[in-house]
Amino acid sequence: LTRFYKRYNIGNLVRMAELDFLPDPGVLKPLTKTRKENIDLESLSREELIAKVKTLEMHVQQLRNVIAKNDNSALPKAKNKQNQRKFDFTRYKRRRILLRVSYFGWEYNGYATQDDSGKTIESELFAALLQTKLVESRSVSNYHRCGRTDKGVSGTGQVISLDVRTNMVEGEGVYQQEGYTGGVRVGENEIDFCTVLNRNLPDDIRVTGWAPAPRLDYSARFDCDGRSYKYVFPRGQVDIVRMEQAGQLLLGEHDYRNFCKMDVNNGVVKFVRRIDSVKVECLEREDNNQEGPYDMCCLTISGKAYLWHQIRCIMSVLLMIGEGLEEGAVITELLDVEKHPCRPAYGMASDLPLNLYSARYDGVAWRCDPTSTEFVLRSTQKLWTHHAVKAAMVRNLLKELEMESGVRVVGQLDILTTGRRREKSYTKLLELPVCPSLEDKVRTVVKRRKIDITEKTDDVEDEDA
């Protein structure tokens, strides 16, 4: 390991923004089944083998607990029905399409489906796709997503691309797959993808539009021209003008390692991204004549690609600035990774208000039947009524208590900043303890996985989070 670091001259890692020292960031990714099979267990000591077995036993128990807790996903049942009721997909051609999906992620274990993830947005989407016979299986659907969101995060502008069964024999995105037999009499009208899927999805997941893909290899992830996130929050006692002024310092291309959680375990070792716009505005005032702590505000950030937890970290710092705890200049300081190679150990803002609001695809025209749109509006209005009634009841209670007692508490933001250090005397960001450096994280992964790095290869591409 020492020879490796000397060979690639990474003693002063912070000056190497592009991290050319790492031959293949892909080796830092979690082991796949194939790579696991290549591990030489005989090279491990008795103590290492015992530790490995104990770790696996703990993981198995965790899986059992998760599955027991999250067995209400519709995907297993859909797969069983798929196996019981055979459907001849070879009689239909395929069509490459984009689906615009809207979801509220508060009750789900994130977007992406994994072996031990339980009920996710993706699991419910594929349950509906299987139930409606639009896809035969995920493995043959050539599925891509614009980005993945974590547990609790919403995405009212998520987009996926995949190959589906079609009624058409020709048209944009239509192709004849291997094994196609034909024989089905199809009409001139395409399947109403939005209506069909929405009637098989939970109320908090909706397909709001579809479009034929411009190319058969078109990808919702790699062909996305821009992504925007929104973060809604009560005003509390923050100065949103200060927040927006500080946010302008984030614009442009920078190394944002101090505004994210380093995802070294998945091979991400480059942290240069570009932010195109930052806007902070008041969405709704409780009193039209004056500002108040119950006003609802929103941060909107637009760019093309993001790092893991980048928006939540940015929001955390901007809230500190808005509350007057920090000056806007701290943004410039944190962007200087040569001066500050390690991120201060500050907590992230809550996942609750975060929303993947928009994914932009230039030249793509979304389609949705008016009847389907009406269905989406009505079902979403039910969600609004459910939450708005609760909010109104809680707000009325607060008004009564405030009027009766004369006590005023401005703590609307407390629930969104639970990750912040609770201390009598506030400690400035740049005086906080720091997280491990990128060099330390890479060294830890290399040592833990006994990685043998011998030659330089191209960097792997990271994924939005």
| query | Does Arg145 pair with Glu122 as a salt bridge, N-O distance under 4.0 Å? | reply | yes
Side chains of Gln248 and Val278, heavy atoms from C-beta outward: is any pair under 4.5 Å? yes
All heavy atoms of Gly147 vs all of Tyr111, minimum pair found to be O-CD2, 4.4 Å
- Message: Check whether Arg227 reaches the backbone of Leu356 with its side chain - one donor and one acceptor, N or O, closer than 3.5 Å.
- Response: no
- Is the backbone of Thr132 close enough, under 3.5 Å, to the side chain of Arg165 for a donor and an acceptor to pair up by distance? yes
Exercise. Considering only NZ, NE, NH1 and NH2 on the basic side and carboxylate oxygens on the acidic side, decide whether Glu374 and Arg378 come within less than 4.0 Å.
Key: yes
Residues 376-398 vs ring pair (Phe, Tyr, Trp, His ring centres under 6.0 Å), sequence neighbours excluded, gives Trp106-His387
d(Lys230 NZ, Leu299 CG) to nearest 0.5 Å is 9.0 Å
Do Lys93 and Tyr180 meet the cation-pi criteria used here (NZ or CZ under 6.0 Å from the six-membered ring centre, within 45° of the axis)?
-> yes
OG1 of Thr300 to CD of Glu281, rounded to nearest 0.5 Å, is 5.5 Å
Between Cys368 and Gly209, the two heavy atoms sitting closest are CB-CA, 4.3 Å
| query | With no hydrogens and no angle check, do the side chains of Ser316 and Arg420 hold a donor and an acceptor under 3.5 Å apart? | reply | no
Sub-4.5 Å side-chain heavy-atom contact between Leu162 and Leu99: yes
(message) I want to know whether Phe126 and Tyr143 have ring centres closer than 6.0 Å.
(response) yes
Minimal heavy-atom distance between Asp369 and Asp192, with the atoms involved, is CB-OD2, 3.9 Å
- With distance as the sole criterion, is a donor-acceptor pair present between the side chains of Thr208 and Arg100 under 3.5 Å? yes
Evaluate the side-chain proximity of Thr149 to Tyr103: yes if any heavy-atom separation is below 4.5 Å, no if none is.
yes
Checklist entry - Is the shortest distance from a Lys or Arg side-chain nitrogen in Asp88 or Lys86 to a carboxylate oxygen in the other one below 4.0 Å? => result no
Kindly say whether Leu383 contributes a backbone atom to a donor-acceptor pair with the side chain of Asp203 at under 3.5 angstrom? no
**Study point:** Salt-bridge present (Arg274, Asp276; N to O < 4.0 Å)
**Key:** yes
- Residue pair Tyr108, Asp204: steps toward the side-chain contact (heavy atoms from CB on, under 4.5 Å) verdict: CA-CA 10 Å; Tyr108 295 88; Asp204 48 5; 2.7 Å; yes
Distance col, row Phe271:CZ vs Asp255:CG, nearest 0.5 angstrom, shows 7.5 Å
- Side chain of Asn396, backbone of Met393: donor and acceptor closer than 3.5 Å? no
Less than 6.0 Å separating the ring centroids of Tyr256 and Tyr306?
no
Stacked cation flag Arg199 on Phe375, 6.0 angstrom / 45 deg:
yes
Tell me yes or no: between the side chains of Ser123 and Thr113, is some donor less than 3.5 Å from an acceptor? no
Next on the checklist: Around atom CD of Glu170, are there more than 12 heavy atoms from other residues, nucleotides or ligands closer than 6.0 Å?
Outcome noted: no
Donor-acceptor pair, distance only, cut-off 3.5 Å: does the side chain of Arg343 make one with the backbone of Cys260? yes
Can Ser379 and Arg206 be counted as having a side-chain donor-acceptor contact under 3.5 angstrom?
yes
Counting N and O atoms only, with roles assigned by atom type, does the side chain of Arg312 sit under 3.5 Å from a partner on the main chain of Leu354, one being a donor and the other an acceptor? no
- Query: Got a sec: does the CD of Glu172 have more than 12 other heavy atoms crowding it under 6.0 Å?
  - Reply: yes
Lys261 side chain reached by Asp263 side chain, heavy atoms, under 4.5 Å: no
Closest heavy-atom pair, Asn258 versus Cys342, reported as atoms and distance to 0.1 Å, is OD1-C, 3.4 Å
Leu416 and Val232 have their tightest heavy-atom pair at CD1-O, 4.4 Å
- prompt: Crowded around Lys279 NZ? As in, over 12 foreign heavy atoms under 6.0 Å?
  reply: no
Which of Glu291, Glu286, Glu323 passes salt bridge (Lys or Arg N to Asp or Glu O under 4.0 Å) with Arg235? Answer is Glu291
Correct closest heavy-atom pair for Cys194 and Ser372 would be CB-OG, 3.2 Å
Student check: side-chain heavy atoms of Thr55 and Lys52 closer than 4.5 Å | no
Original post:
Under 3.5 Å, is there a donor-acceptor pair between the side chain of Glu124 and the main chain of Ile205?
Top reply: no
Taken to the nearest 0.5 Å, the spacing of Met348 CE from Trp308 CH2 works out to 8.0 Å
_Whether over 12 other heavy atoms sit under 6.0 Å from Ile415 CD1_ = no
Value for CG (Leu125) from CG (Asn200), rounded to nearest 0.5 Å, stands at 11.5 Å
Got Ile160 and Leu98 here, is their nearest side-chain heavy-atom distance under 4.5 Å? no
Separation between CZ (Phe259) and CD1 (Ile275), nearest 0.5 Å, reads 8.5 Å
The salt bridge (charged side-chain N to carboxylate O under 4.0 Å, His left out) partners of Arg94 (sequence neighbours excluded) come to Glu136
**Asked** Would Glu190 and Arg95 satisfy salt bridge (Lys or Arg N to Asp or Glu O under 4.0 Å), going step by step from the backbone distance to the final call?
**Response** CA-CA 10 Å; Glu190 180 59 285; Arg95 189 171 198 175; 2.9 Å; yes
